[in-house]
Structures are given as C-alpha cells and as structure tokens.
Amino acid sequence: MPKAEEYKNLPFELKEVTITGNEEISPGVHLVSWKRTHDFYPGQVVKIAADLAMAPRIYSICSGNEESEIRVLFNVKEDGLLTPWLAGVIPGMKIWATKPYGSFKDDKKPAWWIATGTGIAPFYSMFRSGISENKTLIHGVRHLNQFYFEDELEWALGDRYVRCCSHEQSCNVFPGRITKYLEEIKELPTDINYYLCGKAIMVVEVRDLLIARGVPYQNILAEIYF
Amino acid sequence: MKDSLFGKTLNELTALAIELGLPKFTGKQMAEWLYQKDISSIEEMTNLSKKSRELLSSKYEFGLVNSTKVQESVDGTKKYLFPTVQGKFVETAMIPDEDRKTVCVSSQVGCKMGCLFCMTGKQGFQGQLTAGEIVNQIRNIPEWHDVTNIVYMGMGEPFDNLEEVLKSLEILTSEWGFAMSPRRITVSTIGIVPGMVTFLNQSEAHLAVSMHTPFDDERQKLMPVQVAYPLEEVIREIKSWDFGRQRRISFEYIVFKGLNDSPRHVQELCKILNGIKCRINLIRFHPIPGTPLMGTDENTLQKFKDQLNDKGILTTIRASRGQDIYAACGLLSTKELLANQ
C-alpha cells in the first residue's frame, strides 16, 4: 500500500487532528468528530488515515459548515483497514486528516437529494448548513435503524423527507428500494438538479432511471462510495 | 475447493513448496511450468518427482479456467468470455494488428466507478479478480504465445484492485513468469490517486489515464470519481514523476458530440498538460443502451486531433475494432449475466 508520506507535498496534506467524539449512532455505524480548522462547502470530503503508514480513505463530511467540529459517518467494515480501528477511537486520540475538498456542492436551487445508507452524510451536512429549502431528501436503507438523523430530518423537512426501506416495513416508510419509489412517481421534475450519493449500483440505476424519464444528464451529480 | 497454483508469484510458490516439505527450488520449477509451458495439469510437471506431484495435487489444482464463449469479428478481433470463481463473467479482447497481438484484460467483475458512458458500470460491482484470473485471460487463449502487448483496459478499475493487479504484473514481467517487457504493458486508470502512486513506484509498465474532458464540472457529470479524486490532483501527481524516455503516459479521451470536442477543450488540454510528455488517444464513442451521449462526427474528430497535434500534443485516434461483436467492454458479459439471472 502507498505511504501517506507520499502526499506530503500536495494540498491534500494529512495533518494530525485530535478526536473530540465518537458516537455509535446505529449498530456498527459511527460518527467521529474533531475540531474544525478550515472552512468548507457542505458536500465536500476529507481523507483520513490512522497513521502515516496507511493509504488515506475518503469520507464525506457529515456536519454543518458553521459547526465547530468536523464529523464523518461510517460503517465498520470487518475486513477494512481503517474503520475497525476508527470505531474504537476515543476523545484525545490522534488521527490524520486532510483539509476538506471536493466538488459535490449544492446551491439554493431546487433539487432532490438521493442517498443510500451512509450516503446520507453529504446531504445531512447540507441540511445542517442551512441549504435544505427547496430540497427533497430520499433516503434508502435495508433496515429501519439505518435512517440516521431521522427525527431531526422528519421534523425539519416534513413531506420532503422520504424514507425507503427494502427489508422492513413501518408507517410513513415506503416499502421497497429507491428505484421502485421513483418508478411509482408519475411525473418526475426534469428542470431541477438531482444529487446522488451511495454505492455504485444505486447511483447507476437511479441515474439511468432519471435519464430515461427525461432528466438531462447534466442535471445529475453523483458521488460514489467505493 | 482446492487453491490454485496458477496466479501465485515465485515467492508464494517457494513458500508453499517449503510448507509441503518439498525442495525450495520446486517453487521455480512450478513457476516455469505454470507460466512458460503448454501444460494444464500438475501431473504434467514432469521434472517434479511423482511423489511431489501427488502431494501437490492433493492440496492444489493447476488453476487454468477455460473461456465459455468466443466471438470473432470480421476484422479478426476476438472476444473471450471467462467465468469467475463467483459465477460471474469477465471479458477479454484479443486485437490483432499487422505484427501485433494485443490482449485487453479485465481486472474486476463489473465496476464501482459508475461512469456515464460505460456499459460495465451498469452491472455494478460484482467482485475482484485474483491475479490468477487476470493472468488466465492471457495464458488461456489460443494466441497466448504470440501476444505482443497487454492493456488493462477491460472491465473494472485496475487501481481499485491494486494488490492483485500488481501481482499479475509481477507474474507477467518476471523472468520466472512470462518474462514480458513492462514496456509492452499499459495499465489504464480513471485516476485513483493512491493506487496510481503505488503502481508508479512498483511497476515499470506504461500508464494511461481516462480523462475525457479537462473541465471539472463536465468531468464530474461523466465520471463520479472526479468528486473524490479531481483531475487536478491526478495531473499534479503525474507532473511530479519523471517518466524517463522509455515509460509512457497517455490520456484516454472519448470524443462526445457537442460535449468535449470544441476548441475550448483543445485550449484547456494544452494548458493542463503543459509540462507533461504525453500522448492523447482519442476514442470514438460507440453508444450503449440508454445513453444520452453521442459520438462526435468524423470531421470534428479529425479536426480535434489536428488542433491538438498543431499545439504540440502527440494525438492519435484509436482504431475502432470488433464493432460487430459487442467489442465495447461490458456488453457481452452483461448479456451473459442477464441471461443467467
């Protein structure tokens, strides 16, 4: 694996930061935070490494751009190099992180935000940064306990917060995948922007569906977790 | 299921020989049988004792996998379909051209990158290929003795399967392996920077980068990877490397009608590639089902090429091959995947 030192001359330089919090918000899903030292656009990402011997991984920021902390949301992958360790960090411990970067940015125009799983992170950051007006958030998960930040989003967005769950059912939750939900909508708006975030297969399927329903591809921006 | 010998490096073969109580040099003997000779079973490794072969066969299999389908184009291009351990399929193309035979190998089953113009991406990610499954795509086609060039431009993103890709390169370029010159091998990436850095450090093979537009806002609509690894970062990294006289860096550029074929694009390409001794390969786009994109016309393509050459960037147009056999990567395996589902 490449050494993190190889990045030392880049603007994406890794710097040591001190952990301020680590909360398990759902089984195997953590929010880890450290003090914010740079401005950022909601939707941007940071690279993180446990030490300088490992290649950094990329995570979307999951906090508002006026908050004092940077937070990232992640699933613990049992065979992962970083997340099992990151899940165990405690306040005061050090990790390596870059300053925020990336071009997954929204503005004040009407848009639909579509996410699966922890792909909610950039949209939660946008929401916390105060740009949720005119936005519809569609979140797809397998299990009901994966609707992270559900109470806050439901209270703030109301009908503009759509939950889709493929493996369990509950009231106010669409039973099925996001693609099924979109297929059942008779007319999708074609003059707004669509932001997609999650695994490749969701992004590809939703993008194809939107294009087939008349949405120009230029109106679709995707971030894939890989 | 027995582990495969095929796909193991000399170090791994030597280690397993020692573990089985065989002489250390058995590792080298096995490597020569696996990668240099026309055999397909452990039993045929005749300079190993019968007892050694029996011991090896009790724990391992040779590991070659035959293709299940072959299509041949009128231009001589062949497309092979290989099954994987996970019950999926990968595609390999063999492209003859005068005295060259180039093999285009896959490095993953499906792909995670989700590029708008790519058929493989529509399968989603199905799994990683092992080094053995990558090298098998070369060793197990009838033309394997005549292969002159290898390109990692089939299904998948090579640097998202870095360890197995590097292992496959070691097997292909080592004296104990296929003993190919790394200058006959090109690995193509979408721009996964950490993997690219490791590859540049550990391999001598050529590098190709899928660019397709020099503009950030256009590229992120075509290639979601732009959000995580911006082209600017990829270019900056490449500029920091000395590629020497022998090693080649090229940029792949599919030319889309009205999207990335304007003089503005020529200008920006010149600007961002300034200082890099490189080549641009222009590629005709062959539409895939449901795509909103169209290939540019021949006149515009030629003009685009001429403008870049006039500005001092060596630019070529890649010949389209095997169009009659779904040669665009991902079409054949997607059809097979759907048929099996």
Side-chain angles (χ1 to χ4, degrees), chain A residues 1-12 14 41 43-47 49 54-60 81 98 101-105 119 122 193-226, chain B residues 108 110-126 157 159-163 166 190 192-202 215-234 236-237 239-241 256 259 288-293:
Chain A
M1 298 297 284
K3 306 285 185 220
E5 295 109 294
E6 287 160 1
Y7 294 83
K8 65 187 175 189
N9 296 323
L10 297 174
F12 308 107
L14 286 159
Y41 294 104
Q44 288 193 306
V45 298
V46 286
K47 289 180 182 170
M54 88 181 323
R57 299 288 191 267
I58 299 173
Y59 291 92
S60 292
L81 288 175
T98 64
Y101 73 98
S103 50
F104 193 70
K105 299 179 213 166
N193 289 326
Y194 289 83
Y195 291 82
L196 320 179
C197 186
K199 287 193 173 175
I201 192 68
M202 180 282 282
V203 166
V204 169
E205 285 180 3
V206 170
R207 189 177 59 197
D208 282 356
L209 187 153
L210 294 174
I211 289 169
R213 299 280 296 274
V215 177
Y217 80 87
Q218 295 93 333
N219 291 13
I220 306 168
L221 189 62
E223 179 170 20
I224 289 178
Y225 284 179
F226 54 87
Chain B
Q108 293 180 310
C111 185
K112 297 177 196 168
M113 301 300 137
C115 297
L116 181 64
F117 47 81
C118 176
M119 192 65 203
T120 299
K122 290 185 186 293
Q123 289 184 18
F125 176 67
Q126 310 280 335
E157 162 55 47
F159 296 159
D160 190 41
N161 186 18
L162 185 65
E163 286 185 25
L166 288 175
I190 194 172
I192 307 285
V193 174
M196 188 176 82
V197 170
T198 307
F199 163 79
L200 290 171
N201 267 321
Q202 296 186 11
F215 294 109
D216 182 89
D217 57 336
E218 287 175 358
R219 197 167 187 261
Q220 61 181 289
K221 303 276 168 64
L222 295 172
M223 306 164 76
V225 73
Q226 175 72 9
V227 172
Y229 295 110
L231 185 61
E232 185 192 353
E233 185 185 354
V234 178
R236 189 183 295 112
E237 187 59 50
K239 280 186 175 172
S240 74
W241 280 84
F256 301 106
L259 171 65
I288 56 173
T291 180
L293 303 168

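In the text below, chain A, chain B and the rest are named by the order of the sequence lines, each starting its count at 1.
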Checklist entry - What part of B:L293 gets closer than 4.5 Å to chain A, counting heavy atoms only: side chain, backbone, both or neither? => result side chain

Checklist entry - Based on non-hydrogen pairs under 4.5 Å, which of B:D160, B:D216, B:V225, B:T291 is most in contact with chain A? => result B:D216

Checklist entry - Quick one: what part of A:I220 sits under 4.5 Å from any heavy atom of chain B, side chain, backbone, both or neither? => result backbone

Item to check | Top contributor to chain B contacts, counting heavy-atom pairs under 4.5 Å, from A:N219, A:L221, A:L196, A:V45 | outcome: A:L221

Checklist outcome for this item: When the 4.5 angstrom heavy-atom criterion is applied to B:M223 and chain A, the contacting part is neither

Item to check | Donor-acceptor contact present, side-chain A:R57 to main-chain A:A55, <3.5 Å | outcome: yes

Checklist entry - Which class fits the ring pair A:Y195 and A:F104: parallel under 30°, tilted 30 to 60°, perpendicular over 60°? => result perpendicular

Item to check | Residue list, ring pair (Phe, Tyr, Trp, His ring centres under 6.0 Å) with B:F117, at least two apart or on another chain | outcome: B:H212, B:F256

Item to check | Partner residues of B:E157 under the side-chain hydrogen bond (donor to acceptor under 3.5 Å, both in side chains) criterion, sequence neighbours left out | outcome: B:T189

Next on the checklist: With a 4.5 angstrom heavy-atom cut-off, is it the side chain or the backbone of A:A212 that approaches chain B, or both, or neither?
Outcome noted: neither

Item to check | Donor on one side chain, acceptor on other, A:Y41 and A:S103, under 3.5 Å | outcome: no

